[in-house]
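These notes are about the structure you will find just below.
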Amino acid sequence: MIIFIAGATASGKTALATILAKQLNTSIVSADSMQIYKGMDIGTAKETDEILGVRQYCVDMISPKENFTVVDYRNVAEKAIIDIESQNKTPIVVGGTGYYISSLMFEMSFGFGTNKSSDIRMDIEQQYNNNGIDALYSELERLDPDSANKIHKNNTRRVMRALEIVKTTGIPYSKQDPTDKYIRDDILLYILSSSNRAKRNDRISSRVEYMFQRGLQGEVESLISSGVEFDMQSMHGIGYKEWQGYFNGKSSLDDVKDLIKKNTRSYAKRQDTWFNNKYEIAKFIDVEDQNDLTIDKIVQEISNYNIK
RNA sequence: GCCUUGGUAGCUCAGUUGGUAGAGCAAUGGACUGAAAAUCCAUGUGUCGGUGGUUCAAUUCCACCCCAAGGCA
């Protein structure tokens with residue numbers, strides 16, 4: 001069996017997973033696209049294994065100067081899962097990056113093994129930089145009309161990717177495996193959700209305040225001075241990208257703080273729509289309802305599941 | 001007490017030479033197959049401060065009142 005705990009930011013995933021991991025004497029696999037980066041701790045609300053008292057996989061794995069993709073994630077996370085299971089333990093995957101969670105749950109093709117640095121890819125990017133998206137979109141309409149139909153023209157990143165896939169593999173993007181084929185049938189998925197938007201927003205605010213207290217500014221400064229730049233993938237994370245204006249002298253510290261709060265709120269909303277609509281097997285736990293959150297109840301459910 | 005300028009969407013404001021109104025931001029919903037904390041899409045009814053008056057018709061014009069900011073006493 002494998003347990004997944006997902007949910008929007010500030011829903012208390014880590015706390016719940018930690019208690020559960022201790023009870024089950026097992027380890028955690030993080031599914032978080034930002035905690036993967038070394039040196040990005042405060043802004044990602046990362047905790048050390050020592051503080052949690054639980055071993056975490058897939059945290060602090062790569063330099064903030066490197067790129068990282070879902071497929072990279074899936075590779076390392078699958079190894080982590082195998083490692084935990086080889087100790088006869090039940091892995092607990094915890095995180096807010098829905099895409100990463102899906103990559104472990106469904107059989108996904110991710111572009112049939114295309115190579116991200118192929119000539120075709122370079123050529124497409126070149127064309128986009130020179131002529132914009134129109135011609136590329138028309139080409140996609142010709143080669144893979146189904147995808148063109150589903151992908152909005154303004155979503156240039158997806159338009160280019162779809163085009164790259166048909167052109168390099170000959171198979172349309174729209175023909176990839178459907179995302180309803182589960183990799184295994186012993187999955188237990190809990191989604192932490194909030195029935196009270198105002199309360200969650202308050203939690204987000206105090207979480208951001210806490211990050212500032214812990215020295216978020218210093219963390220960003222030391223990333224910058226170690227050569228990390230704002231156009232790198234890692235710096236697109238919330239809590240980091242917002243500092244650009246401050247270092248340009250265009251915005252105040254309060255501006256930065258408010259922006260981070262706002263971006264976190266809308267991120268949580270995006271997570272909601274993902275988690276609410278993607279998984280039929282999900283069991284929802286309302287974090288505003290203490291009865292729902294009772295750990296005994298969850299442990300009971302897990303052991304019932306094992307008997308089945 | 002008097003004068004001036006305001007009162008329109010959650011906020012900042014525009015506008016209607018009289019035919020019940022629209023931008024930005026915020027907010028809300030949605031999509032997601034190798035950048036996903038990314039990327040993208042969709043959504044604007046609000047006693048136009050209140051009460052009367054003029055008018056076929058008032059948020060718009062008139063009168064009085066209330067509130068806010070500034071000025072004079």
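Residue numbers start from 1 in every chain, and the chains themselves are labelled A, B, ... in the order their sequence lines are given, proteins ahead of strands.
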Can A/Tyr99 be classed as stacking with the base of B/A36, given a centroid separation cut-off of 5.5 Å and a plane angle cut-off of 30°? yes
OP1 or OP2 of [N] less than 4.0 angstrom from a side-chain nitrogen or oxygen of [X], does that happen here?
X        : N     : answer
A/Lys262 : B/A26 : yes
A/Arg197 : B/U28 : yes
A/Lys269 : B/A27 : no
A/Asn154 : B/C41 : yes
A/Arg265 : B/A27 : yes
A/Thr273 : B/G29 : no
A/Arg161 : B/G34 : yes
A/Lys241 : B/A37 : no
A/Asn277 : B/A31 : yes
A/Gln233 : B/A37 : no

Side chain of A/Thr97 - closest among B/A37, B/G34, B/A38: B/A37
Selection from B/A37, B/C41, B/C32 that lies nearest to any side-chain heavy atom of A/Arg158: B/C32
Tell me which nucleotide, if any, is Watson-Crick or G-U wobble paired with [N] when both distances must be under 3.5 Å.
N     : result
B/G24 : B/C11
B/C61 : B/G53
B/U4  : B/A69
B/U17 : none
B/G46 : none
B/U39 : B/A31

Would you tell me whether [X] and [Y] have side-chain atoms, one donor and one acceptor, within less than 3.5 Å of each other?
X        : Y        : value
A/Glu219 : A/Tyr240 : yes
A/Tyr279 : A/Ser102 : yes
A/Thr69  : A/Asp72  : yes
A/Tyr267 : A/Gln271 : yes
A/Glu221 : A/Gln217 : yes
A/Glu288 : A/Asn196 : no
A/Asn304 : A/Gln300 : yes

With heavy atoms under 4.0 Å as the rule, sort A/Tyr240 into base, sugar-phosphate or nothing. nothing
Roughly how many Å is it from [atom1] in [X] to [atom2] in [N], rounded to a whole number?
X        : N     : atom1 : atom2 : result
A/Tyr267 : B/C40 : OH    : C1'   : 16 Å
A/His152 : B/C41 : NE2   : P     : 5 Å
A/Lys261 : B/A37 : NZ    : C1'   : 18 Å
A/Leu140 : B/C40 : CG    : C1'   : 15 Å
A/Tyr73  : B/A36 : OH    : C1'   : 13 Å
A/Tyr128 : B/C40 : OH    : C1'   : 12 Å
A/Asn201 : B/A27 : CG    : C1'   : 10 Å
A/Phe275 : B/C32 : CZ    : P     : 14 Å

Quick one: does A/Asp32 reach the base of B/A37 with a side-chain donor-acceptor pair under 3.5 Å? yes
